[in-house]
Amino acid sequence: MNSRKDPLAKIRHLLTGPPVDLRKIARELGINIWESKSLPENIAGKLTTDPQKAGTSGFAIIVRREDRLARKNFTIAHEIAHFLVHSHLLADGEIADRAEPGRKELYRSNLSTSMEGRANIIAADILMPWSLFAPLINEGKSNLEALFQVSRAMVDIRLASPVVRRLKRGVQISPELEAHFKTIVEKWNKDTRHTSSLTKMITHPTYTRIIEIGPKVLPLLFRELNERPNHWLVALNAITREDPAPAGSTFGEAMQAWLAWGRDRGYLK
Amino acid sequence: MRDPELEEDCPGLSNSPYQITSERDSRYNCIAFAVGDLTNFWYDAGVNGYYWPPKTPSADTLEGWVTVFFDHGYRETDDATLEAEYEKVAIYTSKGIPEHVARQKASGTWTSKMGIGHDIEHATLASLEGATIGKVAKIMKRKCKDGRRVLE
């Protein structure tokens with residue numbers, strides 16, 4: 001079973017603040033940031049391989065000098081997101097991001113809509129990581145704008161997230177799913193309790209069944225991990241496509257990182 | 001104290017002496033235990049939280065496990081009996097896939113971490129053999145340093 005790559009793996013340790021220090025992230029990634037007066041008004045920013053401007057990674061981000069701070073921050077975060085997940089598509093050239101008509105916080109480029117959508121989501125996770133945002137969801141919107149140095153629209157998008165709904169109202173788990181989960185976990189525990197083979201654990205039919213259930217199983221999975229620590233990290237990675245555990249962490253440390261991740265997103269009280 | 005679940009999975013323990021020596025713990029596995037690491041679960045999982053030595057063949061191969069012990073100074077042998085000047089490990093496989101490793105103590109008994117369960121001491125290698133753990137496929141030994149065992 002292949003793991004899914006966490007787009008934020010390289011920078012997760014830098015997601016501190018608020019506000020998150022975007023220029024420090026860019027520096028660590030070897031990306032130069034340039035502010036330009038010459039970008040057309042409809043271009044918010046670019047990720048470019050221009051050798052005159054590129055940093056050690058071979059990439060540079062160009063933002064419009066005239067834009068206000070919150071807008072520049074979103075542009076930089078969005079281009080960092082492109083760098084993290086799409087730079088392989090850009091061996092020689094650039095991604096120029098135009099603001100969508102009427103929605104200045106969402107950008108379009110020559111990449112597909114789904115790629116732009118992914119970059120927008122990752123940008124929000126860079127600017128307002130849940131580890132920082134979750135404890136502050138009851139703050140006023142103006143405070144959040146100022147703390148994270150983002151636009152009101154970005155704050156509104158974050159606050160409309162299902163994560164915030166979970167954090168405020170708790171998770172709803174159907175009794176049928178809970179009973180089904182209990183049955184398959186018991187079977188998995190019984191069949192794998194004395195194996196040292198992770199492959200045997202994660203390829204067991206019950207384990208793959210849990211992954212197939214998808215995101216709605218996450219509250220149960222986090223509760224199980226919290227109450228009966230076991231090898232659910234591969235399933236969590238497969239379902240969420242994230243890996244909040246630091247590289248080189250022990251299993252115990254990785255488990256704690258995942259539990260914190262789950263709490264920040266309202267999956268676990 | 002006996003462990004009915006363990007005896008269910010390793011029926012040979014029902015009529016062979018064994019002793020539970022730790023609480024259940026999912027944070028390390030038998031191969032970690034056999035090299036003296038109680039903080040890592042050794043496997044090449046592809047997600048963070050697991051450890052597998054760099055440039056070592058896959059944890060799903062006997063070659064991988066043999067390489068781990070080779071790198072810890074062990075060499076292959078056919079002899080599982082107690083030799084005072086050697087430390088020994090026994091790798092179990094099922095259908096060619098490594099399932100378990102036990103380490104010999106100075107007394108001649110064996111000690112094992114049973115998956116995510118207990119550490120145990122068991123009198124014989126054969127007492128673990130069966131459908132769950134497989135059979136002993138490889139014995140390896142290393143010479144004690146200055147007459148002293150690295151692990152006990």
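Lettering of chains follows the sequences in order, A, B, ..., and the numbering in each one begins at 1. Only a predicted model underlies this, so the values are computations on that prediction, with no experimental measurement involved. What you see below is based on every heavy atom in this structure, not just the backbone, and it leaves out hydrogens, waters and symmetry mates.
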Would you verify whether the NZ or CZ of A:R265 falls within 45 degrees of the ring axis of A:W261 while also being under 6.0 Å from that six-membered ring's centre? yes

Looking at A:G248, A:A9, A:A257, A:P246, which has the largest count of heavy-atom pairs under 4.5 Å with chain B? A:P246

Consider only side-chain N and O atoms of B:H122 and B:Q19, and report whether a donor and an acceptor are under 3.5 Å apart. no

Ignoring hydrogens and angles, state whether a donor on the side chain of B:Y50 or A:H231 is under 3.5 Å from an acceptor on the partner side chain. yes

Check each atom of A:K200 against the heavy atoms of chain B and say whether the ones under 4.5 Å are side chain, backbone, both or neither. side chain

Students often mix this up, so state it plainly: with edges at 30° and 60°, are the rings of B:F69 and B:H72 parallel, tilted or perpendicular? tilted

Portion of B:E5 that has a non-hydrogen atom of chain A nearer than 4.5 angstrom: both

Which value, rounded to the nearest 0.5 Å, describes the distance between A:M255 atom CE and A:L233 atom CG? 8.0 Å

Test item: side-chain donor near acceptor, B:W42 and B:N29, under 3.5 Å: no

Per-residue tally against chain A (heavy atom, under 4.5 Å) across B:K113, B:R24, B:E8, B:H100 peaks at B:E8

Below 4.5 Å, heavy-atom pairs only: which of A:A254, A:S197, A:P244 has the largest tally toward chain B? A:S197

Given that the side chain runs from C-beta out, which part of B:Y43 has a heavy atom under 4.5 Å from chain A: side chain, backbone, both or neither? side chain

Among B:N40, B:I133, B:L6, which residue has the highest count of heavy-atom pairs closer than 4.5 Å to chain A? B:L6

